[in-house]
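Remarks on the structure that follows.
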Amino acid sequence: MKSRNIFFAALCAAVLAGCSCPSAGQRSPQRPSDYVSTLVGSQSDFTLSTGNTYPAVALPWGMNFWTPQTGKMGDGWAYTYGAHRIRGFKQTHQPSPWINDYGQFALMPVRGNDKLDEESRASWYSHQAEVAKPYYYKVYLADHDIRAEIAPTERAAMMRFTFPESDESGVVIDAFDRGSQIGMLDARTIVGYTTRNSGGVPDNFRNYFVVRFDTPFTAVELTDAPGEYEPGSSLLYPDGSKSVTGGHAVAKVHFPTRRGQQVCAAVASSFISPEQAVQNLRELGTDDFETVKSKAQERWDEVLGRIEVEGGTEEQMRTFYSCLYRSVLFPRKFYEVTASGEIMHYSPYNGEVLPGYMYTDTGFWDTFRSLFPLLNLVYPSVNAEIQQGLANTARESGFLPEWASPGHRGCMVGNNSASVVADALLKGVTPEKEWQTLYDAMMHARTNVHPGVSSTGRLGHEYYNRLGYIPYDVKINENVARTLEYAYDDWCIAQVARKLGKTEDAAALEEASRNYRNVFDKTTKLMRGRNENGEFQSPFSPYKWGDAFTEGNAWHYTWSVFHDVQGLAELMGGREGFAEMLDSVFVVPPIYDDSYYGTRIHEITEMQVADMGNYAHGNQPAQHMIYLYNYAGQPWKAQYWTREVMDRLYSSKPDGYCGDEDNGQTSAWYVFSAMGFYPVCPASDQYVIGSPLFRKATVKLENGKKIVIEAPDNAPENRYIGTMKLDGKRYDRNFIRWSDLVKGAKIDFAMQPDPAYKRGVGPQDAPYSLSREECR
């Protein structure tokens with residue numbers, strides 16, 4: 001893409017729409033969006049995560065998010081609940097503090113003449129004067145005596161600042177460091193670009209932005225070195241345009257204000273071009289602030305209202321909808337709509353502007369487990385776009401992503417794009433025109449590694465395909481985790497191969513999916529590292545985190561045989577031995593060995609403080625484990641533990657998660673579990689039964705059908721399923737089929753205080769396993 005000068009005549013006519021600022025209106029109570037707190041999970045730091053989230057002001061899957069910024073520029077913890085000062089209101093695309101941000105810039109309303117850098121402009125604030133909703137953010141900036149408000153669209157936002165009486169009022173626009181440009185286009189408009197990123201972008205990456213005020217400037221200050229700038233030294237008057245380009249471009253616009261005067265700023269950006277940034281600004285149209293806010297809330301109510309829950313406590317309602325909010329933020333749209341209505345995207349993989357969909361900011365190691373299955377059930381039209389974007393990624397880079405932000409990032413292990421692709425394709429979500437492209441990309445990853453990002457493709461594929469496992473002693477870290485995930489991913493690809501009529505591929509892939517057996521140690525009944533000569537690693541500690549595993553230990557990863565739980569149970573000596581090993585996870589103390597990392601990582605601490613033995617719900621590898629009791633003929637234990645986790649480890653408070661929220665995965669676990677079932681094995685046709693949380697839940701499907709789940713006797717003391725009916729008929733199996741649900745279904749649970757020891761105990765009641773082909 002050619003470099004462009006951001007100052008061009010066409011912008012002048014394109015940004016004429018202003019904004020007006022009437023007083024706040026009334027909102028109806030009990031709307032789904034009103035239950036949401038965007039602060040859940042924000043009371044975190046790098047030593048202990050209670051979510052590692054920030055309050056995202058956005059639309060569902062929106063391209064641009066906004067957040068108040070309490071951390072310093074470049075800090076992955078952009079907003080933390082315990083901080084006392086706000087430095088600005090930042091456009092962010094950050095999916096995780098560990099991945100950090102890109103395409104970021106900030107606005108900060110100020111009073112005073114020396115407020116350009118982030119320290120001097122920072123203001124004390126209080127949560128008592130803060131409103132944090134998905135569609136609206138409001139806070140009082142005490143040091144400036146200014147109230148700031150934000151309401152979003154998908155690619156734009158409206159900000160409203162209420163000023164005091166002052167001749168020194170203004171707004172700072174910070175394009176951040178590492179290369180940026182900013183300038184005045186006219187007496188109301190600031191334009192620029194930022195290149196601040198943390199990786200995953202080509203050399204020509206830029207985020208172009210435009211800020212259009214409804215109040216003309218009396219003066220503008222520009223600098224490319226705010227830390228060295230002397231206020232007033234480059235004071236400009238709006239009789240012409242000027243810009244600065246450098247390491248850290250900042251602008252400050254000035255206007256005198258009377259007390260209570262409101263100034264609105266319409267903001268938009270584009271990864272494609274300055275012109276497209278102006279086009280994206282048109283999302284606001286002629287709407288005033290209250291209208292933007294109202295439309296944003298309506299959109300959130302539409303998306304959140306696709307699942308209606310009733311008959312729970314106020315806290316359960318708040319927790320549920322706050323989790324559902326997190327489940328529909330990522331992956332975000334990375335495509336834009338041109339003036340002619342064409343879908344286009346800047347490719348973070350090759351730097352070109354190309355037609356078609358693109359989504360980004362997700363790590364499949366986390367989100368394949370329940371986030372993408374939730375999209376396939378409740379929001380399939382969104383995932384249809386995502387799948388087309390994945391096909392575009394394969395065409396533009398040669399690989400499917402494993403961690404995208406915005407392009408390929410080196411993070412985590414596995415080849416779990418196979419699960420994400422397979423589950424959508426097999427459930428009829430993916431457009432048929434993309435099937436072959438996606439299948440070819442999955443097969444390509446089996447024998448290749450991305451030349452610049454070793455976590456994309458399959459690191460160690462040579463060993464895996466020759467030996468059936470990745471050896472412990474060949475200097476490929478986290479080898480058992482890779483082996484287990486590659487085996488499941490092979491099973492996923494096999495299901496697609498069968499769908500496409502590629503029977504030979506399907507047979508070979510299903511045989512490869514049994515490779516999990518090669519790292520199972522019968523002496524410990526746990527997964528264990530294995531050397532190239534076939535001997536198991538020694539010494540071995542099931543409490544050792546990392547090493548052969550990823551962010552967990554053998555107690556956590558042994559259960560990562562999603563597609564063949566019965567086969568795993570047989571290795572453990574049968575169903576009873578399998579259940580005893582599951583029990584042991586909760587019985588053994590939270591002992592750990594952190595020698596692989598050299599320090600205690602936050603995931604270890606989160607396991608310890610949960611008081612559930614060695615069960616580590618705060619990280620993804622063990623999150624499905626509770627549901628495996630259904631395969632062992634002891635479904636009441638799944639019912640007990642799912643309720644324990646929902647009741648004890650989730651809340652609507654700022655410390656409401658028990659570990660990293662991770663782009664919707666930990667939230668989607670709660671959403672599914674609260675409905676009473678969970679996708680243990682994505683790409684199968686089944687969800688495994690747990691314990692419904694509410695007396696009633698209604699899922700409104702896109703095809704016009706409804707799934708109605710009723711449990712009228714539900715209560716904290718009634719966590720066990722006595723009987724279950726599906727469409728009026730008694731149903732004793734421990735799973736329910738997707739193909740039954742999408743036709744519309746009525747599920748009735750009779751809940752009771754004691755376990756039903758005779759329900760769901762037969763082998764025929766167990767969910768799908770590869771070793772039980774008859775249950776397909």
Side-chain angles (χ1 to χ4, degrees), residues 15 17-24 38 54-59 62-69 78-79 86-92 104-111 115 121 123 125 129-141 144-164 169-175 182 188-192 194 207 209-217 250-255 257 260-269 277-278 280-297:
V15 297
C19 69
S20 60
C21 304
S23 61
T38 63
Y54 54 85
V57 189
L59 291 192
M63 188 178 89
N64 298 326
F65 297 176
W66 288 89
T67 189
Q69 179 189 353
Y79 176 100
I86 287 176
R87 302 168 186 271
F89 300 94
K90 184 171 83 161
Q91 185 183 102
T92 177
Q104 52 196 304
F105 63 96
L107 278 71
M108 182 65 174
V110 296
R111 181 184 60 175
K115 309 296 183 181
R121 71 183 185 233
S123 172
Y125 80 106
E130 181 183 41
V131 177
K133 294 291 181 181
Y135 57 89
Y136 176 66
Y137 181 84
K138 177 182 178 180
V139 72
Y140 176 64
L141 303 172
H144 301 299
D145 191 19
I146 294 171
R147 287 175 181 83
E149 300 168 271
I150 309 172
T153 68
E154 288 192 335
R155 300 170 185 84
M158 186 80 76
M159 296 188 181
R160 181 166 67 182
F161 308 124
T162 304
F163 285 93
S169 294
V171 177
V172 177
I173 301 99
D174 189 340
I182 202 163
R188 295 186 181 186
T189 310
I190 297 294
V191 291
T194 177
N207 186 27
F209 61 82
V210 54
V211 185
R212 174 72 174 176
F213 289 86
D214 68 343
T215 300
F217 318 140
V250 176
K252 181 181 178 184
V253 300
H254 294 255
F255 29 69
T257 56
Q261 181 177 344
Q262 294 181 327
V263 174
C264 282
V267 191
S269 68
V278 174
N280 293 342
L281 192 69
R282 293 193 177 103
E283 288 184 350
L284 295 166
T286 59
D287 291 343
D288 60 26
F289 184 88
E290 290 299 326
T291 303
V292 175
K293 174 184 170 184
S294 177
K295 286 182 177 179
Q297 185 175 18

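If you're wondering where the values come from, they're calculated on a predicted model, not measured in any experiment. The figures here come from the full heavy-atom set of this structure, side chains too, leaving out hydrogens, waters and symmetry mates.
When atom types are taken as modelled, the side chain of Thr194 and the backbone of Ala175 share a donor-acceptor pair closer than 3.5 angstrom. The main-chain N or O of Pro164 is found under 3.5 Å from a side-chain atom of Thr257 such that the two form a donor-acceptor pair. Within the 3.5 Å criterion, the main-chain N or O of Ser169 finds no donor-acceptor partner in the side chain of His144.
Residues Cys264 and Met158 have side chains in contact (heavy-atom distance under 4.5 Å, counting atoms from C-beta outward). Residues Val250 and Ile182 are not in side-chain contact: their nearest non-hydrogen atoms beyond the backbone lie 4.5 Å or more apart. Taking 4.5 Å as the limit, every side-chain heavy atom of Val139 sits out of range of all side-chain heavy atoms of Pro68. Between Asp287 and Leu284, the closest side-chain pair of non-hydrogen atoms is not below 4.5 Å. Counting only heavy atoms from C-beta outward, the side chains of Ser123 and Ile86 never approach each other to under 4.5 Å. Asn207 has its side chain within reach of Gln91: a pair of non-hydrogen atoms, C-beta onward, lies under 4.5 Å apart. Between Val253 and Ile173, some side-chain heavy-atom pair lies under the 4.5 Å cut-off. A 4.5 Å side-chain heavy-atom check between Tyr135 and Lys293 finds at least one atom pair inside the cut-off.
Ala265 and Leu107 make their closest contact through CB-CD2, 4.3 Å (heavy atoms, listed as atom of the first residue, atom of the second, distance). Summarising the geometry of Ala268 relative to Ala156, their closest heavy-atom pair is CB-CB, 3.8 Å, with the distance given to 0.1 Å. Of all the heavy atoms in Lys252 and Val110, the pair that sits closest is CE-CG2, 3.7 Å. Closest approach of Phe163 and Pro109 over heavy atoms only: CZ-CB, 4.1 Å. A pairwise comparison of heavy atoms in Val172 and Arg121 identifies CG1-NH1, 3.9 Å as the closest pair. The shortest non-hydrogen separation linking Ala157 to Ile150 is CB-CG2, 4.4 Å.
Every side chain to side chain donor-acceptor pair (under 3.5 Å) that Thr92 has, sequence neighbours left out, goes to Asp101. Remark: Phe65 pairs with Phe330 by the ring pair (Phe, Tyr, Trp, His ring centres under 6.0 Å) rule, at least two apart or across chains.
Rounding to the nearest 0.5 angstrom, the gap separating the CE atom in Met63 from the OG1 atom in Thr153 is 9.5 Å. Atom CG of Asp145 is separated from atom CZ of Arg111 by 5.5 Å, given to the nearest 0.5 angstrom. Atom CD1 of Ile146 is separated from atom OH of Tyr140 by 9.0 Å, given to the nearest 0.5 angstrom. Remark: Arg147 CZ to Gln262 CD distance equals 10.0 Å, nearest 0.5 Å. Atom NZ of Lys90 sits about 12.5 Å away from atom CG of Asn64, to the nearest 0.5 Å. Atom CD of Gln104 sits about 12.0 Å away from atom CZ of Phe209, to the nearest 0.5 Å.
Each of Phe105, Phe89, Tyr136 was evaluated against Trp66; a single residue qualifies, Phe105, per the ring pair (Phe, Tyr, Trp, His ring centres under 6.0 Å) test. Evaluated for a side chain to side chain contact (heavy atoms under 4.5 Å, CB included) with Tyr137, the options Met159, Glu130, Glu149 yield exactly one hit, Glu130.
Ionic pairing of Lys295 and Glu283 is not present here: no N-O contact between side-chain nitrogen and carboxylate oxygen is shorter than 4.0 angstrom.
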Report task. Apply salt bridge (charged side-chain N to carboxylate O under 4.0 Å, His left out) to Asp174 and Arg87, showing your working. Result -> CA-CA 10 Å; Asp174 189 340; Arg87 302 168 186 271; over 6 Å; no
